[in-house]
Each structure stands twice: as C-alpha cells, then as structure tokens.
Number of protein chains: 2
Amino acid sequence: MSERSGTEDLRRRNLSAVLTAAHRYGPLTRATLVQRCNLTRSTIGALVGELSALGLVYETDAATVRVGRPSPMVHANERVVALAVNPDVDAVTVGVVGLGGTVHRRIRYNTASVPSLDEAVNITRAVVEGLSVELAGSTHVLGVGLAVPGLVNVDSGVVRLAPHLGWSEADVVGPFRDALGMPAVAANDATLGTLAESIFGAAAGYRDALYLNGSASGIGGGAIVGGQPLGGASGYAGEFGHMVIRPDGEPCHCGRRGCLETEVNLERLLDVVGLDHADAEQLEDALGPGLPFPVLREIRRQTEVLAIGLSNLVNVFNPQMIVLGGFLGVLLASDKERLSAAVAAGPISGLGTEVRLERAALGVELLLVGAAEAVFTRLLTEPRSVASRQESGVRPS
Amino acid sequence: MSERSGTEDLRRRNLSAVLTAAHRYGPLTRATLVQRCNLTRSTIGALVGELSALGLVYETDAATVRVGRPSPMVHANERVVALAVNPDVDAVTVGVVGLGGTVHRRIRYNTASVPSLDEAVNITRAVVEGLSVELAGSTHVLGVGLAVPGLVNVDSGVVRLAPHLGWSEADVVGPFRDALGMPAVAANDATLGTLAESIFGAAAGYRDALYLNGSASGIGGGAIVGGQPLGGASGYAGEFGHMVIRPDGEPCHCGRRGCLETEVNLERLLDVVGLDHADAEQLEDALGPGLPFPVLREIRRQTEVLAIGLSNLVNVFNPQMIVLGGFLGVLLASDKERLSAAVAAGPISGLGTEVRLERAALGVELLLVGAAEAVFTRLLTEPRSVASRQESGVRPS
DNA sequence: GTGCTAAGTTTACGTTCAGAACAAATACGC
DNA sequence: GCGTATTTGTTCTGAACGTAAACTTAGCAC
C-alpha cells in the first residue's frame, strides 16, 4: 500500500528489470531485452544508456551472425562488486563477487580455532586490505554480505544464535560496516545458498523451489516462493533441520527429540563408512558400488527419513523442485531412485510425482554468490541508488 | 521480467492501491488515502474519480468532526459482488459477497447425501436463480469463487482429489462457468480461509502468518508469506494435515502413518467426550471446567502433538502469528497456556516466543469471504478490467 | 552493387503524477 | 456573528516517461 509511485518509479522499475535481466541471465542483446522486458526499442535504448552512464552495464559488439543490423551485447558490469564473507568453525572465507555473479576472488583463511566475531572482522579486514589493489580496479564496491551459519535477524543485522561459532545476540553488521567502511548485510548461510541456487544454480528459472543443505553442522535450507526468497518475519525461516520427524527419537541439541538433522546426519554416515569427520569431502568417493551391508542400511535409513522430511515440505510448499546440497546431495546421488520414489509416494495424492529432485549446482562459490546477491539486491531494485558514487562507465577490456 | 510497463501501468497500480485500500480497510477518507497510498491530493482525486466512474467506489459525506474542510468517505461499492460456493459433504453453501467483504446473503442448501459435481452445480444454479432479483440490484456480478475441500489446481480449475466429496480429476471451473454464465475460480477451502483471515480476520495486518483449520475432514491450512498467500506451483500448498509427526503412528488415509491429522483429530476428541460426530458444534460447550481425566488426557495429548506440528511450521516459516480455526481453535481456547508454552518452547532458539497464537475471527462466513476474495483479486489488481461492463455508478441508499 | 532485414535512433505525442496556487468548508476565538 | 486558522478538495502547469512511427544504420544474400 505504501509503495512509491510517480512517473520516476516507473523508470526505477524498468531500470531494475533491465539490470536484473543482465545480471541474472548473462550478456543479452538489446533485442532480447526488448522481448524479455516487454518494452520498445527506444525505451530499452534509453534504459541501457542510463545504466551505462551509471557504470552498471557496458555494451560490446554483437556476437551472433545474422541478417539485419547487429544488436550489441549488454553486460552487467562485473567491476561493480560486492564483498562476501562466510565465517565458519575452521575458516573465514572472503570473496569478491562481480555483478553477473562472477566470483573474482575467493580467499579461504584457515583458523586454528573457532573464530570469534572480532577475529572474523579482523581477518576480513586484513584480507580485504590485501585485495586493495584489486578492488581499486573495481568501479564500485557496493558493500559486504555476510553468510552466517546461524539465526540472523536480517533487519537488525543481529545474530541471535550461531551455535557452532559460539556467537549469540551479537550485532554482526555493525562491526563489519565500521571495519570495512561500507554497508553490510547479514543473513543465514542456507538462506543465502537458496538464493544463489535459485538465481545461478540448479533452481534457476523455478518460481517455487526448496533448497536443503546438509553439513557437519546440521541441515539448513530455504524456500523460493513465487520467485521470492522466503524470509519470514525476521529472516529466520528455513530451519528445516529442526522439523521433528520422530518425537521419541534421538535428542537434538535444540532440546527436542527426533529432529530431521539428528536422524539424517553426516556424522552417522561417516561413522559407518569409517571416515574421520575431517574427510567429509571424501564421503562421496567412499560411497561407490559394492558397499558393505551396514553402510547400505544406514544410507537407506537416512534416505527414508529424508524422504519423510521432504514429503512434509512438499505437502507444505507444493514446490516444482528441490535442490539438495552438501551430504544431502551425496545421499541423492548415491541412491537417487530410492529417494525419488519415496518422495514421489510420500506427499498426498501423488503430489510428489511432480517434484524434481536436483543436486546443488554451485560448489564452493555457493555462499559467496549468495552473500553478494544479498548486497546486490538493493542495487538491482534501485539502480539509481548508485548515482552518488557515479564514475565513468569504463568498459573492461 | 515480463511485466507490463508504460505509463498506464502506473495508473493501474495506483487504481489498484486505492481500490484495495477501500476494500480491505473499510471506508476511508480521501485524506487517509493520500497518506496510505503515498500520493498527492490531486492524484487521489483523479483516481477516486475514475474508480467512481467505473462504479467500484462511491463517496459519502465526511463522518469525522474536525477543523478544516471535511474529507469525504470513500467506500468500496458493496453492490459489486462475487458469488461464493462451498460444496461440502452434507450441504452446498452459496453466498453473495460484496466488495469490502460484506456477506450480503448466505444460503446453506442441505443435501441428503454427498453431492456430486453435477448436483453441486445444479444446486448452485437453482439458488442463484432464486437470488436473481437481489442480484439485479448489484452493479456487477464479477464471477463465482469455489471453495473446495480438496486439492485444486488453481491454474486449470481442476480438482485433483476431494476425498470427502468423492470428486477426482474433475474440471469444476468449467461447469460452474457454463452454468452460471460468469467467470469462475476454484481453490482449496483452507487456502481461501487463510486468505479471508489474513484480510478481514485475526491475521489482518500481518505479513507472515499461518492458518490451520481442523474439521471432521482433517486439518488444512495455508500461509501468508510477505503479505501474499502461498500457493505453490499449482495451488496445492498448505497441506499441513499430512505432515508426518510419528512415522510409526496410526495409519492415515493418505497412505502414510502418523500424519498430524491422524494424531490431532476431531473424531478422537468427540469419542472421549462422548459426543456424536454430528455434534461438533457443541464440542466447545462440552469442554468446560471439571473434565474427567480421560478427556483431559486426550486434550493434553492432542495439544502436545499439535504443538510439535506448529513448532515445525514456525521453524519453517518464522511467522508472526498463527491462526487456529475449527476444533483447533477449540483446543487453543481450552488450554491456551499449555499450547502457547509448548509452541514457545518448541522451535529453535526461542523462536516460538515471538509467535502469537490466535483463534480464527471469521465464523461461518469464512469460506464465502475467501472464495469471493479469489474472485475480487483480478478486479483489485486491474480495476479497469471492469470497464467493459461499465454502468452508472449508482450510489446505494 | 542492390535489395532485404533486423535493429538502433530520432521525434512527436499521450498519459500520468507532482507541486503550486487557489477555493472551499469547518472549528475556534473573540 | 465575524474573522482567522486549518485542513482538504480542485485546477493548472510542468516534467518525466514510455509508445509509435518514421528514419537510419549495418550486416547478409544474391
């Protein structure tokens, strides 16, 4: 109701549509933009011109060979960048991500122990200072996005609880903003992973999708509802790992029993395979053909419990597809038929048969892309907001 | 991306904002509209003028007594109506609902047996014919909305399965459209109930809310996500009743075991109270103080299982509030402390403490309001779409 | 080289909203 | 009862924006 209006709001929308198209769907010809945005050639020309003047896009010669006047390619300017930070139990990963989703740099800083908030800030500041030359080549550094493994209030930027980091009731946005001298946004890591997969990954193009990620810390996820990420009242939505599946099951650190993540669990999987916790990456190799029975049994058990959880979520969300990442992706790969069949059969009235199960497409860049995307959001909806820091729209090589 | 643009799209948005405000928030002064819609007096004047010419709103003299020029009240024209139909196992209920949410008429036609689709259509046609005089006084009859207790594909208007009605894979929109000679839309009853409660009921004003309704047929519900109803890929979202809570529990008619609606169940409640199934309405009276232990135990058991289900949903959606209707509302009323405490404690990290539990505010009119709302949706987003059937904007009494 | 085709560019025009100036309608103070 | 302050509706002008049509450009095909 209280949305802006006026004729320049229309311009904002159209600038947003063009920039978002260039960002999400890669370099596009102007002619394609005309179709995609449902605007005339003249308007697209004006919009691209303005975005170009703002330094947000640049044009290159046409690539296609075709009859008729060539239509230049419109690129999102990858020199407009966001910083992305992912503090984790054993490392702080910092990335530089350009508009268009390109990860220019990814620096993983291993820590001897679980980093405190101060340490995470200091590490980030040090890494970013090391990148200063590189960042000087960027047209804009829009801000920093934080992917935090825990409950993050996206409005206030306060971490309510990040159990594995030991952070609680801590303002994370403030310290990073002050240390780096740029706007900061924070959100739950799995929520940002959902965002990344829905834009550049396996869920690209789907308007109703779910993402679940399994790691040593448990199971997190997120939902895309009508093309928009599900945030909830404060950004805490998507805690699929604490869906109770068996009220009389194993106790969970959350205080309840039989949560999805106590039943479907990386640790248990590594145990039966005989791997150390540090070898999570090798899990997939260890799950080749000809597995001993106890391993098969555990995979089967976890697959079946996971299917119950997914079926519940299908009943709740009626999604078009579900993306599985981390060891849940390994589970899917190791016995896709079983999981697919169980998810097809679980939800009521065969609703599950219409759901596609896909493995996550983005790898180590997932959280960096997602965190950067959270920073880009404002620019994408209000391209003119960058005007204050306007520079010449230098076109890269 | 493929949204329309152009300057008259802006007008559409603003007309929609004004009409929606009048519809949802009752009669408003023009001055209030200026604030709510963030538009100038001149623009609001033009918009109200156009809506008035379209017959969608009318103005009356100012009601408030205050310094300054009086600002006229803008009313959504309640003579612009939608028909609403709710076929159920023992009756077909037909309603006439005006813009603004007023239920002008509600006619419950009891059936001897479960009505077939043809019977439901014929009953509706007969009832509507009987209302012809009344409807002739309406400026517009926009269409008919169908609240169906089952899985409804909202895009195609096909009922995939309505177990209690025995309908399956049946196009319901077509027959109603043809029989009544007006546009028809169909959706799941609980989804429409969610819509109604979120606009005119207990969830009004909340952008992230859940609704769960319990009846003899089971538990259904819906979600409001960011102010918008959650539909899912095909409109099947919100089947909360078939969330598996105990995989080794009682078998459910859906084929699985331990679904929420097999554990939290009206029939079991009536059994311990000693009431017949037909007496569901008297359930609340029977649950006064001083209940025998077996009744208390069953109430407690169902409350605790319900709390698990609600906690799961809080983890998933992070809603601001949850609305409970039907016998779930009775459960809430009978032991609000227990349920509130359990929902506060269930979700991770005290997320539940921020969730309000409310009983549904709309009574017998719930589904009629919701079904009508589904019809109004198009008019509210595109007020000019009514132009073809334009008439004089007669103002009621 | 000529013609065809697709697309960028320019221009005239219509729609829409904001803002300012003005008019209207009411309460309040005297 | 009258003037003033206040609030809001109304009218008019100007600016922003997108569309449509005419024109121009650039490449392919023959």
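Within every chain, numbering begins at 1; the chains are lettered A, B, ... in the order of the sequence lines, protein sequences first and strands thereafter.
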- prompt: Between the side-chain atoms of A:Ser71 and the base atoms of C:dA6, is any donor-acceptor pair under 3.5 Å?
  reply: no
task: Check whether the side chain of B:Thr7 and the base of C:dT15 form a donor-acceptor pair under 3.5 Å.
output: yes
d([atom1], [X]; [atom2], [N]) in whole Å:
X: B:Leu33; N: C:dC17; atom1: CG; atom2: P; answer: 14 Å
X: A:Arg12; N: C:dC17; atom1: CZ; atom2: P; answer: 15 Å
X: B:Arg11; N: C:dT15; atom1: CZ; atom2: C1'; answer: 9 Å
X: B:Asp61; N: C:dA24; atom1: CG; atom2: P; answer: 17 Å
X: B:Arg384; N: C:dT15; atom1: CZ; atom2: C1'; answer: 9 Å
X: B:Leu47; N: C:dT16; atom1: CG; atom2: P; answer: 10 Å
X: A:Glu59; N: C:dG8; atom1: CD; atom2: P; answer: 8 Å
X: A:Ile44; N: C:dG8; atom1: CD1; atom2: P; answer: 9 Å

Nucleotide of D:dG18, C:dC17, C:dT9 approaching A:Arg30 most closely (side-chain heavy atoms): C:dT9
- prompt: Nearest to the side chain of A:Leu10 - D:dG18, C:dT16, C:dA18?
  reply: D:dG18
Check: [X] side chain, [Y] main-chain N or O, donor-acceptor pair, under 3.5 Å:
X: A:Asp208; Y: A:Gly226; value: yes
X: A:Arg12; Y: A:Thr381; value: yes
X: A:Ser198; Y: A:Leu195; value: yes

Phosphate-side-chain proximity, B:Asn14 and C:dT16, N/O vs OP1/OP2 below 4.0 Å: no
- prompt: Quick one: is A:Thr43 getting a side-chain N or O under 4.0 Å of the D:dT19 phosphate, OP1 or OP2?
  reply: yes
field: Most 5' of A:Thr29 and B:Glu50 on DNA chain C, judged by nearest nucleotide
entry: A:Thr29
message: According to ring pair (Phe, Tyr, Trp, His ring centres under 6.0 Å), who are the partners of B:Phe176, at least two apart in sequence or on a separate chain?
response: none
query: How far apart are the closest heavy atoms of A:Arg356 and A:Tyr206, and which atoms are they?
result: NH1-OH, 2.7 Å
Distances under 3.5 Å between protein N/O atoms and the N/O atoms of nucleotides 25-30 of chain D, please, pair by pair.
from, atom 1, to, atom 2, distance (Å)
D:dT25, O4', A:Arg69, NH1, 3.4

- request: Check every strand shown and say whether A:Arg41 touches a base, only sugar-phosphate, or nothing at a heavy-atom separation below 4.0 Å.
  value: base
Side-chain donor-acceptor pairs under 3.5 Å in residues 95-103 of chain A, sequence neighbours left out?
none

message: Is there a side-chain contact between B:Tyr58 and B:Arg79 in this structure, where contact means two heavy atoms from C-beta onward sitting under 4.5 Å apart?
response: no
